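Keep in mind that the numbers below use all heavy atoms, side chains included, and drop hydrogens, waters and symmetry copies. For clarity, every value in this text was computed on a predicted model and none was experimentally measured. Every chain is numbered from 1, with letters handed out A, B, ... down the list of sequences.
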Amino acid sequence: MPELPEVETVRRGLQPVLEGARIVRVEARRPDLRFPFPVKFAQRLTGKTITALGRRAKYLTMHMDGGPVLICHLGMSGSFRIETADDSETPGAFHHERSKDAKHDHVVFHVSSQAGARSRVIFNDPRRFGFMLLLKADEHAKHKSLTRLGPEPLDEAFDARALATALARRKTSLKTALADQRVVGGLGNIYVVEALHRARLSPKRRASTLVTSSGGPRPAVYELVDAIGDVLKEAIARQRRTGKGNPFRVYDHEGEPCPTRGCRGTIRRIIQAGRSTYYCPVCQR
DNA sequence: ACTACTCCCTGCCAGC
DNA sequence: TGCTGGCAGGGAGTAG
């Protein structure tokens, strides 16, 4: 369930191998993931040099010389792994991680660094909720998958005023609103749940109740902005330190004591918009 | 415009 | 032990 922190971790992991590298060959091993691969997908990428690896919300963006941009979404179960030629053992051979689900290796990027080192960057996705788009430079900024996204939660532009504007007049729950990528880009079920707990806000609360009648942020919006930033930054830092996922405070902790200091509540699980929400009915208001 | 619901797909796990 | 059914969730599509 890659959300913003996981996608950012993937980006940082791929960056040293991909930035500045040339794509020697691309294998798409099936006709589609969630959607059919773009027409002439492999052909259009072959020979290109990757100038930058970016991220927007939960999307990875791979920028090529000459303008094309490969947009990649990891869906629910997508991941990349890197296999590097290790000449100290068998010349030209590749080190293989033990991967019993090689049947879900759907795309292989064969790349060559500026120094000539060869690597394979392999996209694996058992559930195939992931997808790739290959856009021309002029299409990239206009494509609906990116233009509909709300602000980056770690950007300065994401402040109480911006969030209040996005939440104003929304009749849906706070939980559902925050998971909507048009409100803020990159939060998913887990980090919404964690941020709401940290901000002590009820996931069931109507989103518009955080906004004054004139459209300005109530104090809770400031706390929510801080909580979202803290949760995401801590997750990214922890993944960098430990290489692992995060121990969540409330997600998947139904029936356990609320971790808020001094709170004697118990974490409950409810379903909102078809997805599990975990929260403390005592301290989240 | 807004909201709510379904579907896609596979791996995993509880229950029988 | 093996089978079944339910659940997990991001985003697109659709109905109201």
Side-chain angles (χ1 to χ4, degrees), chain A residues 1-11 28-38 55-61 71-80 98-107 123-133 135 143-150 152-153 164-196 203-211 215 228 231-232 235 245-246 248 250-255 267-279:
Chain A
M1 41 221 95
E3 302 181 26
L4 187 151
E6 290 74 31
V7 179
E8 179 61 20
T9 298
V10 168
R11 190 191 71 79
R29 295 182 168 173
R30 48 173 299 126
D32 54 30
L33 294 169
R34 178 170 177 179
F35 306 118
F37 280 104
R55 180 190 57 74
R56 175 75 172 96
K58 300 174 195 172
Y59 294 85
L60 279 172
T61 59
I71 311 274
C72 178
H73 197 291
L74 302 178
M76 280 295 304
S77 58
S79 64
F80 282 97
R98 268 172 51 78
S99 53
K100 49 188 169 219
D101 59 350
K103 62 177 172 176
H104 299 303
D105 289 349
H106 302 310
V107 186
F123 180 72
N124 181 287
D125 186 5
R127 290 167 77 171
R128 304 203 303 274
F129 275 29
F131 58 90
M132 294 189 187
L133 306 170
L135 306 175
H143 197 273
K144 62 179 187 224
S145 66
L146 297 182
T147 56
R148 291 177 186 175
L149 293 171
E152 279 293 310
T165 302
L167 295 178
R169 291 181 304 280
R170 295 207 62 145
K171 295 179 173 61
T172 194
S173 70
L174 193 49
K175 154 74 187 295
T176 303
L178 290 177
D180 186 332
Q181 301 302 294
R182 294 168 299 184
V183 171
V184 50
L187 296 179
N189 199 47
I190 294 172
Y191 289 103
V192 168
V193 161
E194 294 293 318
L196 285 174
K204 297 197 281 191
R205 191 165 160 173
R206 195 175 157 97
S208 59
T209 65
L210 268 67
V211 182
I228 289 169
V231 165
L232 296 177
N246 297 286
F248 302 116
V250 289
Y251 182 82
D252 208 17
H253 287 279
E254 183 182 18
I267 301 305
R268 283 192 55 192
R269 172 178 176 268
I270 59 172
I271 302 295
Q272 292 181 290
R275 303 224 150 84
S276 291
T277 297
Y278 299 83
Y279 77 110

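Candidate nucleotides B:dG11, C:dA12, C:dA8 were compared by shortest atom distance to the side chain of A:Arg269, and C:dA8 ranks first. Among the nucleotides C:dA8, C:dG11, B:dG11, the one closest to the side chain of A:Gln181 is C:dG11.
Contact annotation: A:His104 side-chain N/O to B:dG11 OP1/OP2 distance is under 4.0 Å.
Within the 3.5 Å criterion, the main-chain N or O of A:Gly130 finds a donor-acceptor partner in the side chain of A:Asp125. Side-chain atoms of A:Glu152 come within 3.5 Å of backbone atoms of A:Ala57 as a donor-acceptor pair (strictly under, hydrogens ignored).
Separating the NE2 atom of A:His106 from the C1' atom of B:dT10 is a distance of 10 Å, rounded to the nearest angstrom. Residue A:Phe131 contributes atom CZ, which lies 10 Å from atom P of C:dG13 at whole-angstrom precision. In this entry the distance linking CZ of A:Arg128 with C1' of C:dG11 reads 17 Å, nearest Å. Rounded to whole Å, atom P of C:dA8 lies 14 Å from atom CD of A:Glu3. In this structure, A:Met132 atom CE and C:dA12 atom P are separated by 16 Å, rounded to whole Å. Distance, A:Phe35 CZ to B:dC8 P: 13 Å, rounded to whole Å.
Remark: the A:Gln272 side chain and the A:Thr277 side chain contain an N/O donor-acceptor pair separated by less than 3.5 Å.
Remark: A:Asp32 engages A:Arg30 in a salt bridge, criterion side-chain N to carboxylate O under 4.0 Å. Taking a cutoff of 4.0 Å between a charged side-chain nitrogen and a carboxylate oxygen, A:Lys58 and A:Glu3 do not qualify as a salt bridge. Ion pairing between a basic and an acidic side chain is recognised when a charged N comes within 4.0 Å of a carboxylate O; A:Asp252 and A:Arg269 show no such pairing.
Nearest-nucleotide positions on DNA chain C for A:Lys144 and A:Met76 put A:Met76 closer to the 5' end.
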*Sugar-phosphate atoms are those with a prime plus P, OP1 and OP2; base atoms are the rest. Using that split, label each nucleotide of nucleotides 2-7 of chain B B, S or - for protein heavy atoms under 4.0 Å, 5' to 3'.*
-SS---
